[in-house]
2 protein chains.
Amino acid sequence: MTTPQADKPSCSLCLFQRICRNAGATPALDSPERSLSPASMLWRAGETVHRQGRPVLAVFPVHDGSAKSVFESPLGWRQVTAFAHPGDVLGLEDHDSQAHCTSAVAMQDTRCCVVPIEAVRAHLLRAEYREPMLRTLRRNTERERTLLVAIGSMKAAQRLAMLLLDLASEQRRRGNSGAALTLAMSRNDIASYLGLTLETVSRLLARFASVGLITIRQRQLHIVDPAGLSAVYEDPERVPIRPPAAEPDSSPAIAPSKPLPLRPGTAGPALA
Amino acid sequence: MTTPQADKPSCSLCLFQRICRNAGATPALDSPERSLSPASMLWRAGETVHRQGRPVLAVFPVHDGSAKSVFESPLGWRQVTAFAHPGDVLGLEDHDSQAHCTSAVAMQDTRCCVVPIEAVRAHLLRAEYREPMLRTLRRNTERERTLLVAIGSMKAAQRLAMLLLDLASEQRRRGNSGAALTLAMSRNDIASYLGLTLETVSRLLARFASVGLITIRQRQLHIVDPAGLSAVYEDPERVPIRPPAAEPDSSPAIAPSKPLPLRPGTAGPALA
DNA sequence: CGGAAAATTGAGACTGATCAACCCCGGTGG
DNA sequence: CCACCGGGGTTGATCAGTCTCAATTTTCCG
């Protein structure tokens with residue numbers, strides 16, 4: 001555990017920036033318990049930040065690096081349920097529980113602040129801090145529900161496109177261009193998250209690359225044709241089937257030709 | 001909208017029974033805003049109790065009947081995300097949102113109380129009422145996460161067995177024996193909930209029946225062999241494959257022969 | 001440099017989706 | 001009372017998308 005250095009850029013997305021000295025907030029006339037100066041800790045790739053079932057002692061804003069949330073069902077089924085990046089807060093959704101309901105595992109060397117749970121709960125009582133926190137929580141449950149629907153009714157290619165677009169938009173949210181991203185997670189993690197196998201993910205990435213949607217070398221991913229990816233995401237039919245090697249046309253690949261079928265509810269495996 | 005009659009048995013599981021006059025609570029020395037006497041309303045089968053995206057004006061404890069929660073993703077994919085029975089509270093998970101994030105649709109004629117959202121929020125501030133409410137909320141997110149893992153990594157038969165066991169235990173929780181249940185939802189709803197097609201659900205139910213796990217006539221379901229169902233749920237291999245008509249042995253069907261493989265994580269499509 | 005983990009690629013099997021026909025049952029109106 | 005009708009449910013045949021198993025390559029790291 002080290003004393004934190006005021007690393008502004010990485011704090012600028014933090015939920016707690018307004019009340020955290022580390023982020024440069026001025027304590028000013030705040031009452032003592034309203035200002036934070038949390039310690040920060042470093043987790044090595046593969047180490048677990050918090051463990052499912054263990055008491056909730058703190059939450060962990062990700063300063064840099066990244067982590068995955070892993071849920072293990074009573075029967076032993078494991079699944080990645082979320083990816084966390086700088087600005088996200090590990091363990092936040094458990095703030096009102098006795099125990100963490102997922103484990104968080106660092107996917108690379110990752111630095112997080114350590115905000116005691118009492119501080120979180122105290123801040124939740126103050127209306128001005130409550131709202132942003134709730135908004136973050138809601139965004140996460142929204143995301144999880146979208147994932148549920150995706151896994152429940154969309155094809156593999158759609159799900160993967162969804163993830164890539166999501167990662168890109170996260171990337172964008174924290175400044176960098178959304179085009180170039182470094183996947184911190186393994187194919188296995190991606191597969192688990194999407195309810196697929198790692199082979200399928202690998203093949204799909206190759207196919208995306210072969211039709212010019214992306215380029216990928218190991219974990220270096222470039223999104224070449226965001227619109228094309230969106231098309232794949234939105235249209236069940238638009239699963240690119242073209243592993244051929246030749247590149248007769250160098251156009252951005254796959255121009256939207258079909259006016260996007262509204263009401264895909266009919267297409268899915270089952271409706272409501 | 002009718003004036004509610006004090007129908008104790010149905011109120012006995014209600015989250016609000018301690019503070020609700022309809023449930024027979026004694027207002028006693030409570031401060032005025034702490035006691036409830038909500039109106040109750042009747043929804044016909046198919047009518048929607050609250051709609052996704054609409055402002056949260058109230059929550060709806062189910063008095064009798066049942067409903068499904070339906071989520072519609074931005075792209076139009078629809079999926080049933082939960083089934084609600086007497087004692088459950090429709091819209092409760094949206095208590096801190098501006099808008100409902102799912103729609104609730106009655107699956108049969110259903111009576112719910114109408115608890116204004118302000119009352120809910122007020123009660124959330126009082127520690128003694130906060131806890132049970134949070135517990136309910138957590139139970140739901142736990143359930144939803146289990147569903148996620150189920151859809152993401154379990155086989156169709158396992159998922160269906162899971163649902164049946166879950167319905168049975170819900171049934172039990174509210175008094176009745178868990179053996180006999182009346183499915184309020186259509187095959188389509190079940191399929192949507194489990195991420196399958198209605199045909200698959202139908203076939204699976206037939207197979208379950210053919211191997212003596214259940215009997216089913218229309219929507220009248222009897223669970224003949226709960227242990228067998230659990231085995232199906234827990235063991236990916238134990239998918240009953242035996243549509244044959246003959247019934248050489250009349251034993252409870254499928255005695256557990258294999259010692260349940262621990263760590264099914266290996267078996268699933270992907271691990272964490 | 002060597003070994004292990006991660007990723008790719010291929011061939012084949014199998015689950016579950018799709019398409020289609022039929023049935024069952026309750027309701028409606030002649 | 002019965003014929004018709006429509007929605008929900010069943011069943012069958014077929015097909016496609018993914019999983020599975022296995023071999024190989026690449027990368028990472030000591």
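Chain letters run A, B, ... following the sequence lines, proteins first and then strands; every chain starts at 1. As a basis for the values below, the full set of heavy atoms in this structure was taken, side chains included, without hydrogen atoms, waters or symmetry mates.
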What is the distance from atom CG of B:L198 to atom OG of B:S192, rounded to the nearest 0.5 Å?
11.0 Å
Given D:dT18, is OP1 or OP2 found less than 4.0 Å from the side-chain N or O atoms of A:T200?
no
Taking only the side-chain nitrogens and oxygens of B:S202, find out if one of them lies under 4.0 Å from OP1 or OP2 of D:dT10.
yes
Please determine whether side chain to side chain donor-acceptor pair (under 3.5 Å) holds for the pair A:E72 and A:S103, giving the CA-CA distance in whole Å, both sets of side-chain angles, and the decisive distance to 0.1 Å.
CA-CA 8 Å; A:E72 177 160 1; A:S103 300; over 6 Å; no
Between D:dA16 (P) and A:K155 (NZ): distance, integer Å:
10 Å
When the distance from CD of B:E199 to P of C:dG16 is rounded to whole Å, what number comes out?
14 Å
Using a cut-off of less than 4.0 Å, is there contact between a side-chain N or O of A:S186 and OP1 or OP2 of C:dA6?
no
Side-chain touch A:T81/B:L148, heavy atoms, less than 4.5 angstrom
yes
To the nearest Å, give me how far apart CZ (B:R207) and P (C:dC14) are.
14 Å
Interatomic distance, A:L204 CG vs C:dG10 P [rounded to whole Å]:
15 Å
Whether B:R187 contacts D:dT10 is assessed here as follows: a side-chain N or O lying under 4.0 Å from the phosphate OP1 or OP2. Is that the case?
yes
Nearest 0.5 Å, please: how far is NZ in B:K68 from CG in B:L90?
13.0 Å
Is the distance from OP1 or OP2 of C:dG16 to the nearest side-chain N or O of B:T197 less than 4.0 Å?
no
Is it true that the side chains of A:S40 and A:R111 contain a donor and an acceptor less than 3.5 Å apart?
yes
Could you check whether the side chain of A:R203 and the base of D:dG17 have a donor-acceptor pair of N or O atoms closer than 3.5 Å, going by distance alone?
no
Whole Å only: how far is the CZ atom of A:R217 from the P atom of C:dA6?
18 Å
Sugar-phosphate, base or nothing in reach of A:R219, heavy atoms under 4.0 Å:
sugar-phosphate
Taking the nucleotide of DNA chain D with the nearest heavy atom to each, does A:A156 or A:Q218 sit closer to the 5' end?
A:A156
Rounded to the nearest Å, what distance is computed from the CG atom of residue B:L194 to the P atom of nucleotide C:dT15?
18 Å
C:dG16 P sits how many Å from B:L205 CG, rounded?
14 Å
Tell me: CG of B:L198 to C1' of D:dG9, nearest whole Å?
8 Å
